[in-house]
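Take a look at the structure set out below.
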Amino acid sequence: MVRVIQTLLTWYQEYHRKMPWRETSDPYKIWISEIILQQTRVQQGLPYYLRFIGKFHTVSDLALADESEVLKLWQGLGYYSRARNLHKAAKIIHQTFHGRFPENFDEIALLPGVGDYTASAIAAFAFNLKTVAVDGNVKRFAARWLGVDIPIEKQLFVQRIKHELLEVLGDSPDSNLFNQAIIELGATICTPTNPSCSRCPLQETCVAYSNNHQTILPVITKKLKPQPLNIVFFAIQQLDCWWVVQRDESSVWANLYEFPNREVNALEMDPVVLLDEITGNAVDSKSIKILGFKDFKHQLSHRSIQARCWHFSIEVEGDLPKSWVRLPSAAMGEIPVHRLMEKMMEYVRVWK
DNA sequence: AATACGGGGCA
DNA sequence: TGCCCAGTATT
């Protein structure tokens, strides 16, 4: 075991990629990076991390911001509850810990948006606590290296590899480096397809390699098919202004803004009839000019969205729903929106 | 234990 | 297309 960890750390120090959140021991920066990197590739998350740290230098800066500011900075990254929980957690740290990041595992794990992986990662990377941070990379590497054929989404699998990896770590003082190393190994060598076994520092002791089981491990049984969802949007223009609504807190794209819309069974509904339904006949049909429509396909992890965006202009509004907000086009860039909304704003040329 | 929750890159 | 990414919260 001593031999293994020594080999691993030596490999890591020579070959690891340089990343800004590994050049610091500031728990705030490490925390931000770990939240951003949840289910997100380094390449995609890096610019967001730099912008975040650039705008909010400390946890208190973040705590004192508006949620919309935080969501705006998160725009396009997905899983927006991460941003809302990040903001909530910052307020907790600011208020109950007076801006000082908690330094023990249990207090870290209590923060909203921080689960077992993230708490372990912060504990190891910021405070060098003895723990194992199990993410997707570590699961894949451990399943192969230890030859564990329990499906990786089972609790028993995580229990098993955590126990074994903790034993590998042993009494080493390098929990920080060890955790960085196994994650980096999974990300760069022990990849999902075509792992680079020839370059792997742990090839000699790898169970999967010795049995030629790299392609059948890890065992993954889950697979949910995205369900179809049809939505008709209305991009309603009044001279240089647009109408938008904010989504509610308990749905996809929570708290983000978008054009008024309605879920439908089929996209081919009469748009004027649909608009009357949504507004309660608030808009005089003679006041409506139809400027065109465009269809969009948008893939989420759990939904296959087909959207139709109608471009209307109206002269005068009637008694529109209270939740509708009219914004000048200049203000449309200030509100947090989802990717589909970005595409639709481009279609109707909100900014000319 | 299962499901909701984004978006992008790549075979 | 389908897979998977430095996962978590909710049911």
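Within every chain, numbering begins at 1; the chains are lettered A, B, ... in the order of the sequence lines, protein sequences first and strands thereafter.
Out of B:dG6, C:dA6, B:dA2, the shortest distance to the side chain of A:V252 is found at B:dG6. The side chain of A:Q44 lies closest to B:dG7 when the candidates are C:dA6, B:dA2, B:dG7. Nearest nucleotide to the side chain of A:Y80, out of B:dC5, B:dG7, B:dA2: B:dG7.
Each of A:Q155 and A:W253 has a nearest nucleotide on DNA chain B; the 5'-most of these lies closest to A:Q155. Residue whose closest nucleotide on DNA chain C sits further toward the 5' end, between A:E184 and A:N85: A:E184. Sequence order on DNA chain C of the closest nucleotides to A:S301 and A:V114 puts A:S301 first from the 5' end.
When heavy atoms are screened at a 4.0 angstrom cut-off, A:I220 is found touching the sugar-phosphate backbone but no base atom. No engagement by A:S81 is indicated, since no non-hydrogen atom pair under 4.0 Å with the nucleic acid exists. The residue A:G76 sits close only to the backbone: its heavy atoms come under 4.0 Å of sugar-phosphate atoms, none of a base. If you check every strand for non-hydrogen atoms under 4.0 Å, A:R339 touches sugar and phosphate atoms only. Counting any heavy atom pair closer than 4.0 Å across all strands shown, A:V42 reaches a base atom. Across all strands shown, A:W21 has heavy atoms under 4.0 Å from base atoms, whether or not it also approaches the sugar-phosphate. Counting any heavy atom pair closer than 4.0 Å across all strands shown, A:R82 reaches a base atom. Using a 4.0 Å heavy-atom criterion, one finds that A:L224 contacts the sugar-phosphate atoms exclusively. Among the heavy atoms of the strands, none lies under 4.0 Å from A:N194. Among the protein residues, A:T40 comes within range of the nucleic acid bases, having at least one heavy atom under 4.0 Å from a base atom.
Aromatic ring centres of A:Y80 and A:W253 lie farther apart than the 6.0 Å criterion allows. Aromatic rings of A:H87 and A:W74 (six-membered ring for Trp) have centroids beyond the 6.0 Å cut-off, not under it. Remark: aromatic rings of A:F97 and A:F101 are distant, center separation not under 6.0 Å.
Residue A:K29 is tested with A:I53, A:T58, A:V59 for a side chain to side chain contact (heavy atoms under 4.5 Å, CB included); the sole match is A:I53.
We find that CD1 of A:I36 is positioned 15 Å from P of B:dG8, with the value rounded to whole Å. One can place CG of A:L110 at 14 Å from C1' of C:dT8, the figure rounded to the nearest angstrom. If you measure from atom CG of A:L37 to atom C1' of C:dC4, you get 14 Å, rounded to the nearest angstrom. Computed from coordinates, the A:K223 NZ to B:dA1 P distance equals 19 Å when rounded to whole Å. Across the protein-nucleic acid pair, A:L340 atom CG and B:dG8 atom P stand 11 Å apart, rounded to whole Å. With rounding to whole Å, A:K297 atom NZ is found 21 Å from B:dG6 atom P. Distance A:K225 NZ to B:dA2 P: 16 Å, rounded to the nearest Å. Atom CG in A:L71 sits about 16 Å away from atom P in B:dC5, given to the nearest Å.
Between B:dG7 and A:W74, no contact under 4.0 Å exists linking OP1 or OP2 to a side-chain N or O. Side-chain N/O atoms of A:H302 include none lying less than 4.0 angstrom from OP1 or OP2 on B:dA4. Applying the 4.0 Å criterion to OP1 and OP2 of C:dG7, one finds that A:Q39 has a side-chain N or O inside that range. The phosphate of C:dC5 has neither OP1 nor OP2 within less than 4.0 Å of any side-chain N or O from A:Y79. OP1 or OP2 of B:dG7 lies within a sub-4.0 Å distance of a side-chain N or O belonging to A:H298.
For the pair A:R247 (side chain) and A:V252 (backbone), a donor-acceptor distance under 3.5 Å is present. Between the A:E184 side chain and the A:A181 main chain, no donor and acceptor come within less than 3.5 Å of each other.
Residue A:R41 places a side-chain atom within donor-acceptor reach of the base of C:dC4, judged by atom type and a 3.5 Å distance cut-off alone. Between the side chain of A:T118 and the base of C:dG7, no donor-acceptor pair of N or O atoms lies under 3.5 Å. Counting distance only, with no hydrogens placed and no angle test, the side-chain atoms of A:R22 and the base atoms of C:dA6 include a donor-acceptor pair under 3.5 Å.
Between A:E342 and A:R339, at least one side-chain N (NZ, or NE/NH1/NH2) sits under 4.0 Å from a carboxylate O, which counts as a salt bridge.
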Could you walk me through whether A:E258 and A:H338 pass side-chain hydrogen bond (donor to acceptor under 3.5 Å, both in side chains), step by step? CA-CA 8 Å; A:E258 62 191 1; A:H338 46 78; 2.8 Å; yes
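Of the P atoms belonging to B:dG9 and C:dT8, the separation is 24 Å, rounded to the nearest Å. For the P atoms, the distance linking C:dA6 with B:dT3 amounts to 25 Å, nearest Å.
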